[in-house]
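The residues of the chain are indexed from 1 along the displayed sequence.
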Amino acid sequence: MQGYDENRLKRVLFVCTGNSCRSVMAEKYLTSLNFGLEVLSCGISALEGFDLPHLTTKVLEDQGIPSSFHTIKQISHDMVLWADIIFTMEMYQKERIASLFPETSSKIHLLSEYAKEEDPEIPDPFGGSIEAYETCFLKIKRCIDKINWDNI
């Protein structure tokens, strides 16, 4: 691929609906592992400028993962082109990105499916209890832990 630098860090983009729960938890968790990857997150229907829900920050902080310095971001063509691999939480997100940016469809994957989990989708905890957020985080963590990041 012309212009591709094999020595640059691999780029991972996590996408959910609002970029306030699932994709943020995935971004912050993978970043905390220090695998030498560039990691971002965004949402397909994100409302930029809002703060993260309290329960998202609580779950991350309870895991020892800082949640500060996160800005909710709407997906963009530049982000999709930037990424080497894109992980979504639900099938409709994968389909939506592929319909908006068809030239990138080969690098879009469901996180759970890629990690070979039985249930391919990660439900949105938004508006739910702390237990819903914790369950969501643990599923995301399990998926990320199963992926061989050296092969991305």
Side-chain angles (χ1 to χ4, degrees), residues 9-80 82-101 104-105 107-152:
L9 298 176
K10 296 295 182 180
R11 298 171 175 167
V12 180
L13 180 64
F14 290 104
V15 182
C16 68
T17 304
N19 190 223
S20 62
C21 305
R22 297 169 290 177
S23 60
V24 176
M25 288 190 262
E27 173 193 0
K28 299 298 183 185
Y29 177 65
L30 181 56
T31 300
S32 77
L33 298 176
N34 295 317
F35 286 154
L37 302 166
E38 287 186 72
V39 186
L40 289 177
S41 66
C42 62
I44 60 171
S45 299
L47 297 173
E48 294 181 350
F50 285 88
D51 293 330
L52 292 178
H54 168 71
L55 294 178
T56 299
T57 58
K58 178 166 179 24
V59 167
L60 288 169
E61 289 168 4
D62 287 352
Q63 296 291 322
I65 302 169
S67 62
S68 58
F69 309 115
H70 181 78
T71 303
I72 292 176
K73 296 175 285 303
Q74 173 71 24
I75 195 168
S76 70
H77 191 246
D78 287 343
M79 283 182 189
V80 172
W82 169 88
D84 294 310
I85 193 162
I86 299 167
F87 290 112
T88 66
M89 306 296 149
E90 296 177 73
M91 181 58 80
Y92 88 89
Q93 296 153 352
K94 179 181 175 182
E95 292 168 350
R96 178 76 176 136
I97 297 166
S99 72
L100 290 171
F101 313 108
T104 63
S105 61
K107 63 181 177 179
I108 307 166
H109 307 275
L110 278 168
L111 178 60
S112 291
E113 188 175 66
Y114 196 89
K116 299 183 180 10
E117 285 282 303
E118 281 184 32
D119 182 6
E121 296 193 348
I122 299 173
D124 193 349
F126 186 78
S129 66
I130 185 67
E131 291 80 13
Y133 279 77
E134 289 168 341
T135 299
C136 180
F137 174 80
L138 291 174
K139 183 165 186 178
I140 289 167
K141 180 184 183 303
R142 189 171 58 247
C143 290
I144 287 173
D145 289 346
K146 289 173 96 175
I147 294 172
N148 182 348
W149 295 98
D150 292 331
N151 292 334
I152 298 295

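Ser32 places a side-chain N or O within 3.5 Å of a backbone atom of Tyr29 that can act as its donor or acceptor partner. In this structure, Glu121 contributes its side chain and Met91 its backbone to a donor-acceptor pair below 3.5 Å. With Lys107 contributing its side chain and Ala83 its backbone, the two residues share a donor-acceptor pair below 3.5 Å.
By the 4.0 Å N-to-carboxylate-O rule, Glu117 lies close enough to Arg142 to be salt-bridged with it.
The shortest non-hydrogen separation linking Ala26 to Met89 is CB-CE, 4.1 Å. When every heavy atom of Glu48 is checked against every heavy atom of Gln74, the shortest pair comes out as OE2-N, 2.9 Å. Minimum interatomic distance between Ser20 and Phe126 (heavy atoms only, all atoms of both residues): OG-CD1, 4.1 Å. Summarising the geometry of Thr57 relative to His54, their closest heavy-atom pair is OG1-O, 2.8 Å, with the distance given to 0.1 Å. Across all non-hydrogen atoms, the minimal contact from Phe101 to His77 is CD2-CD2, 3.1 Å. Gly18 and Ala46 get closest at one heavy-atom pair: O-CB, 3.5 Å.
Arg96 CZ: 12 or fewer foreign heavy atoms inside a 6.0 Å radius. A 6.0 Å sphere centred on NZ of Lys58 holds no more than 12 heavy atoms belonging to other residues, nucleotides or ligands. Within a 6.0 Å sphere centred on CG of Asp145, heavy atoms belonging to other residues, nucleotides or ligands number more than 12.
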(request) Assess whether side-chain contact (heavy atoms from CB on, under 4.5 Å) is satisfied between Ile152 and Ile147, documenting all intermediate values. (result) CA-CA 9 Å; Ile152 298 295; Ile147 294 172; 4.1 Å; yes

(request) Show your reasoning for whether side-chain contact (heavy atoms from CB on, under 4.5 Å) applies to Glu38 and Asp84. (result) CA-CA 10 Å; Glu38 287 186 72; Asp84 294 310; over 6 Å; no

(message) Walk me through whether Cys42 and Leu13 qualify under side-chain contact (heavy atoms from CB on, under 4.5 Å).
(response) CA-CA 8 Å; Cys42 62; Leu13 180 64; 3.9 Å; yes

(request) Take Gln93 and Thr88, measure what side chain to side chain donor-acceptor pair (under 3.5 Å) needs, and give me the verdict at the end. (result) CA-CA 6 Å; Gln93 296 153 352; Thr88 66; 4.5 Å; no

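Atom CD1 in Ile72 sits 9.0 Å away from atom OG in Ser41 (nearest 0.5 Å). Note that the CD1 atom of Ile75 and the CD1 atom of Ile86 stand 6.0 Å from one another [nearest 0.5 Å].
Inter-residue side-chain proximity for Cys21 and Asp124 is flagged as met; some heavy-atom pair is nearer than 4.5 Å. Trp149 is not listed as a side-chain neighbour of Lys10, based on a closest heavy-atom distance of 4.5 Å or more. Counting heavy atoms from C-beta on, the side chains of Leu9 and Leu37 never come closer than 4.5 Å.
In this structure Tyr114 satisfies the ring-ring contact (aromatic ring centres under 6.0 Å, His included) test together with Phe87, His109, sequence neighbours excluded.
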